[in-house]
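Below you'll find the structure, written out as structure tokens, and then a few comments.
Throughout, a chain's letter reflects where its sequence line sits, starting with A, and its residues are numbered from 1. Quick note: numbers below take in every heavy atom, side chains included, and nothing from hydrogens, waters or symmetry partners.
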Amino acid sequence: MTTAESTSPESTPEASPRDFIRTIIAEERAAGRHPDGVVTRFPPEPNGYLHIGHAKSICLNFGIASENTPGRCHLRFDDTNPTKEDVEYEAAIEEDIRWLGFDWGTHLHYASEYFDRLYEDACELIRRGKAYVDSLSAEEIRDYRGTLKEPGRNSPHRDRTVEENLDLFARMRAGEFPDGAHVLRAKIDMASPNMNMRDPALYRIRRVPHHRTGDAWPIYPMYDYAHCLSDAYEGITHSLCTLEFEDHRPLYDWILDELQTPTHPRQIEFARLNVSYTVTSKRKLLALVEEGHVSGWDDPRMNTIRGLRRRGFTPASVRRFCERIGVAKRDGVVDWALLEHTLREELNVTAPRMMGVLRPLKVVIENYPEDQSEELEAINNPEDPAAGTRMVPFGRELYIEQGDFMEDPPRKFFRLGPGREVRLRYAYFITCERVIKNDAGAVVELRCTYDPATRGGSAPDGRKVKGTLHWVAADAALPAEVRLYDRLFTEENPGGGGRDFRDAINPDSLEVISDARVEPALGDARAGVAYQFERLGYFCLDAVDASPEHLVFNRTVTLRDSWAKHAKGGAK
RNA sequence: UGGGGAUUGGUGUAAUGGUAGCACGACUGACUCUGAAUCAGUUAGUAUAGGUUCGAAUCCUAUAUCCCCAGCCA
């Protein structure tokens with residue numbers, strides 16, 4: 001249903017395409033192509049968990065499909081190698097994609113569901129004289145392939161007759177041969193400058209059960225053969241993949257052309273996502289898990305979708321991030337800070353404010369009546385009046401942040417110090433009168449006075465204080481464990497320059513604070529909900545380790561902190 | 001001269017022969033009951049060398065640099 005393209009100037013149907021792929025598609029559609037809609041696919045191999053890099057591809061494929069009605073995006077598991085894959089990963093992958101906010105409807109597919117069809121098409125290729133069974137060993141095939149600069153040589157088995165090939169291939173399929181005895185190869189050109197065209201393998205013998213097809217097959221198709229045909233079978237119009245497959249496109253097209261498939265999807269390549277201070281390679285991610293550098297695939301420091309989720313990132317912030325980074329063909333590294341930015345951007349307007357003290361320093365208000373306590377009203381979210389207010393208990397004994405007091409403060413320090421007056425947020429102005437230290441000379445308690453007239457946080461006489469501190473009432477506050485996460489690597493490109501990425505692992509990527517105190521309202525915190533601990537950052541209840549008796553909060557991301565920068569100076 | 005791809009501020013990304021723009025970051029300042037947010041501003045770019053043109057990030061020529069390819073992995 002091609003819409004009549006109006007040439008009238010007022011017809012600006014949609015925003016212009018955001019990237020070169022969308023531009024290509026828009027041009028094709030303007031030319032009347034894809035009348036039945038644009039069909040894309042996300043084709044993970046079920047051999048690992050999804051990470052932030054996959055999120056880019058997911059957002060791209062599902063995004064383009066939804067923008068090009070009546071488009072659709074399939075989820076297809078590329079399960080052609082049973083020695084590496086497992087159902088365990090499939091459920092996790094589906095869950096992660098759904099969490100990100102995408103839906104493939106009824107289009108859940110598996111390359112393995114096409115095994116019969118793929119086999120028939122392979123026979124057809126043989127009949128057309130375009131494929132042959134080779135009986136060279138793997139080493140011999142490698143040897144015959146030549147090198148990047150030298151052409152390969154034809155296999156001695158290259159000229160077997162169609163009948164002979166058909167018979168051998170049928171017997172491969174029947175399970176007559178051991179692994180490695182034969183391989184089905186495309187007959188293309190052993191002298192091609194493109195290594196992928198030097199008679200690539202199409203099928204190999206693998207006498208292992210497949211997690212979906214069981215013992216039905218002793219032979220399995222290779223990626224290059226299965227992928228393009230799966231795309232064609234499903235009516236995919238655009239097969240979007242990463243740059244390293246650019247060299248495979250001639251083969252992708254060759255197979256579809258030789259088989260004269262009814263449709264011929266267009267493969268378009270784009271640059272994979274790299275994010276600074278992280279790794280996005282299955283091998284490295286797996287090593288982090290298996291070698292115990294992290295607690296698992298969902299460790300909040302991992303850039304896996306599950307890791308980000310447990311850490312407290314939101315689906316919308318990840319999607320927004322993927323929009324911001326764009327899609328192009330240039331290899332690059334995106335700042336991790338951009339992901340943090342999109343997260344803060346969202347959480348700032350959605351997250352309820354709370355108060356929590358990470359490193360408690362006791363404060364006694366000497367002129368506050370013994371045995372008195374009260375509740376003070378606090379705003380839940382200044383960015384969202386509809387979020388309302390809550391009551392926070394206050395008393396004679398409080399905890400403030402150790403870092404909010406300095407015995408000998410520098411000029412620009414706005415917080416508490418001997419003789420200084422500050423505001424306790426939503427409570428009172430207090431003045432530090434005395435400092436109590438332990439035998440080691442460490443400050444363990446502050447004796448302060450408060451001004452009853454400043455109840456609520458403002459002074460009737462109009463006097464100002466420079467600093468406002470967060471606090472909790474000593475007896476009403478809840479104990480909590482808080483996990484402070486920092487980047488997992490100390491280098492922008494871990495393992496760059498040929499070094500081992502393990503050498504760049506940040507030994508301080510996790511700091512556990514076991515005796516933090518949080519305001520009582522946090523006792524009702526639920527996993528998956530982000531809270532802003534005022535002046536500290538965004539936190540969420542840990543979905544795995546927290547319980548009603550033992551609160552555990554993950555710090556998702558800190559608030560921007562211009563004081564910390566100023567104070568640290570040139571520190572790293 | 002194996003083949004393929006890429007090159008725009010610190011980072012990512014627009015501009016397809018006509019004002020090099022946007023975002024992140026960094027830095028200033030204003031405001032502030034979060035040193036947050038918000039607001040205002042500053043910073044900084046077409047890899048190099050030629051050429052075509054009234055005019056070049058864009059077209060042409062050469063050069064440089066980086067990435068990918070020699071799995072019976074995807």
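- Stacking of the aromatic ring of A:Y223 onto the base of B:A74 is not found under the criterion of centres within 5.5 Å and planes under 30°.
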Atom pairs, protein N/O to nucleotides 64-68 of chain B N/O, distance under 3.5 Å:
| unit_1 | atom_1 | unit_2 | atom_2 | d |
| --- | --- | --- | --- | --- |
| B:C67 | O2' | A:D331 | OD2 | 3.2 |

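- Considering only the side chain of A:F413, B:G35 comes nearest among B:C72, B:A36, B:G35.
- The closest side-chain donor-acceptor pair between A:R535 and A:H470 falls under 3.5 angstrom.
- Taking the side chain of A:E383 as heavy atoms from C-beta on, and the options B:U34, B:A23, B:A37, the nearest nucleotide is B:A37.
- Judged by distance alone with a 3.5 Å cut-off, no donor-acceptor contact links the side chain of A:R324 to the base of B:U13.
- By the 6.0 Å and 45° rule, A:R212 stacks over the aromatic ring of A:Y110.
- Under 3.5 Å, the side chain of A:R249 and the base of B:G4 form no donor-acceptor pair of N or O atoms.
- Donor-acceptor pairing under 3.5 Å, judged by distance alone, is present between the side chain of A:H248 and the base of B:A74.
- Backbone-only engagement by A:R145 is indicated by non-hydrogen atom pairs under 4.0 Å involving sugar-phosphate atoms exclusively.
- Annotated stems with RNA chain B as a participant read B:2-7 with B:64-69, B:10-13 with B:21-24, B:25-30 with B:38-43, B:47-51 with B:59-63, given as range with range, by first number; only runs of 3 or more Watson-Crick or G-U pairs under 3.5 Å qualify.
- Of all nucleotides listed (B:A70, B:C24, B:C72), B:A70 comes nearest to the side chain of A:L148.
- Within 4.0 Å of A:P382, counting heavy atoms only, lies at least one base atom of the nucleic acid.
- Across all strands, A:L273 comes closer than 4.0 Å to no nucleic acid atom at all (heavy-atom distances).
- Of the listed nucleotides (B:A23, B:A70, B:G3), B:A23 has the atom at the smallest distance from the side chain of A:L338.
- A:N81 and A:Y223 are not linked by any side-chain donor-acceptor pair at a separation below 3.5 angstrom, with hydrogens and angles left out of the test.
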